[in-house]
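Just below is one structure, and these are the notes that go with it.
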Amino acid sequence: MDDQTRMLASMGGLGGLSQADVGDPDSVRKQQSLGQPPQDIGDILQQIMAITDESLDEAQARKHALNCHRMKPALFSVLCEIKEKTVLSIRGVQEEDPPDPQIMRLDNMLLAEGVSGPEKGGGSAAAAAAAAAAGGSPNDGSIEHSDYRAKLAQIRQIYHSELEKYEQACSEFTNHVMNLLREQSRTRPISPKEIERMVAIIHRKFSSIQMQLKQSTCEAVMILRSRFLDARRKRRNFNKQATEVLNEYFYSHLSNPYPSEEAKEELAKKCAITVSQVSNWFGNKRIRYKKNIGKFQEEANLYAVKTAVDAANVSAQASQANSPATPNSGKVHRKKYK
DNA sequence: TTTAATGATTACGG
DNA sequence: CCGTAATCATTAAA
């Protein structure tokens with residue numbers, strides 16, 4: 001619109017309103033070559049320039065009259081041509097820009113998270129894949145997962161409704177502007193091409209607004225993911241029996257508390273946790289024990305006598321060739337390593 | 001509500 | 001990848 005106002009201004013500057021040599025010499029020459037007296041052109045231009053000073057009704061009538069003037073098509077095309085030359089530099093600046101990498105990244109992510117893209121099927125599948133890929137716990141994952149899915153669906157719904165709102169607003173605005181420009185093209189040199197360009201500009205603006213929506217949606221998804229998929233936020237202490245098994249192993253191998261992969265697997269099975277959880281536990285235990293042996297002395301003694309008792313039981317049972325009950329007696333595995 | 005315990009993650013070295 | 005050490009975030013205890 002800037003160019004249009006400038007156009008008017010320049011016309012006003014050139015005009016002198018009643019002079020015969022109004023406007024670009026080119027245009028005058030063209031008009032003359034069409035066999036029209038220059039005075040006619042000047043008169044029309046004067047009417048156009050004066051239109052803003054008239055009352056609304058007068059202006060309306062004047063516009064209609066001008067639009068029906070026999071000179072209108074020729075004058076219109078000439079003015080459009082002049083204008084095209086004037087705004088050429090501006091138009092060169094923003095041509096078709098290639099797809100913004102930023103928005104492509106956002107789009108890809110939204111698609112991957114199942115926020116945009118096809119309907120529910122794809123979405124939940126993506127969510128499931130994401131949850132599984134994060135090394136989810138097979139245990140209580142179902143509850144969290146359904147919760148996660150519900151939240152994701154909520155985000156998706158908001159996203160889509162917002163998107164729809166934007167699109168509607170965009171088309172509404174576009175229509176409005178198009179109608180306005182079409183109406184104004186009765187008295188101002190606005191070519192269809194220019195209207196097209198304006199529409200493109202509007203779409204660009206709206207898509208940049210949409211990018212903000214996508215951005216914030218992505219953020220929301222990331223937060224959601226970190227809340228539900230980051231196990232730190234959903235930590236559950238191991239149950240009593242599991243820590244007992246782990247501690248038993250730890251204190252009975254205090255001189256070398258590094259379970260082999262095999263041993264880890266067995267411990268994991270016994271404790272109903274994953275191998276990596278066993279590794280985490282031993283890592284934490286070792287460092288914390290080392291850091292403050294005194295604090296763990298009591299615990300160490302406790303498990304020492306425990307294993308001693310167990311050992312005694314085992315030997316007693318072995319001597320009796322009997323072992324039906326006591327499922328939780330930590331069988332001391334003769335380890336082969338070292 | 002403050003504090004200790006605890007499982008998980010991260011940074012870094014081998 | 002495995003381990004250590006520091007740190008985070010949550011849970012249980014005070």
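Worth saying up front: this structure is predicted, and the values here are computed from it rather than measured. Throughout, protein chains are lettered first and strands after them, A, B, ... in sequence-line order, and every chain is numbered starting at 1.
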A/K285 with A/E299: basic N within carboxylate O range, under 4.0 Å: yes

A/E266/A/K269 ion pair, N-O < 4.0 Å: no

Tell me the interatomic distance from [X], atom [atom1], to [N], atom [atom2], rounded to whole angstroms.
X: A/R235; N: C/dC8; atom1: CZ; atom2: P; answer: 15 Å
X: A/F250; N: C/dG3; atom1: CZ; atom2: P; answer: 13 Å
X: A/E262; N: C/dC2; atom1: CD; atom2: C1'; answer: 18 Å
X: A/F238; N: B/dT6; atom1: CZ; atom2: P; answer: 11 Å
X: A/N280; N: C/dA6; atom1: CG; atom2: C1'; answer: 14 Å

Ring geometry between A/Y289 and A/F250 (parallel below 30°, tilted from 30 to 60°, perpendicular above 60°): perpendicular

A/Q277 vs B/dA8: side-chain N/O to OP1/OP2 distance below 4.0 Å: yes

Short side-chain donor-acceptor distance under 3.5 Å, A/N284 and A/R286: no

A/L75 side chain near A/H69 side chain, heavy-atom distance below 4.5 Å: no

Contact list for DNA chain B against residues 281-299 of chain A - heavy-atom distance below 4.0 Å: A/W281, A/N284, A/R288, A/K295

Atom of A/I190, atom of A/S185 and distance for their closest heavy-atom approach: O-CB, 3.7 Å

Closest heavy-atom pair and its distance - A/L213, A/L163: CD2-N, 3.7 Å

Within the 6.0 Å centroid threshold, strictly below: A/F282 and A/Y249: yes

Expected rows: protein N/O vs nucleotides 12-14 of chain C N/O, under 3.5 Å:
none

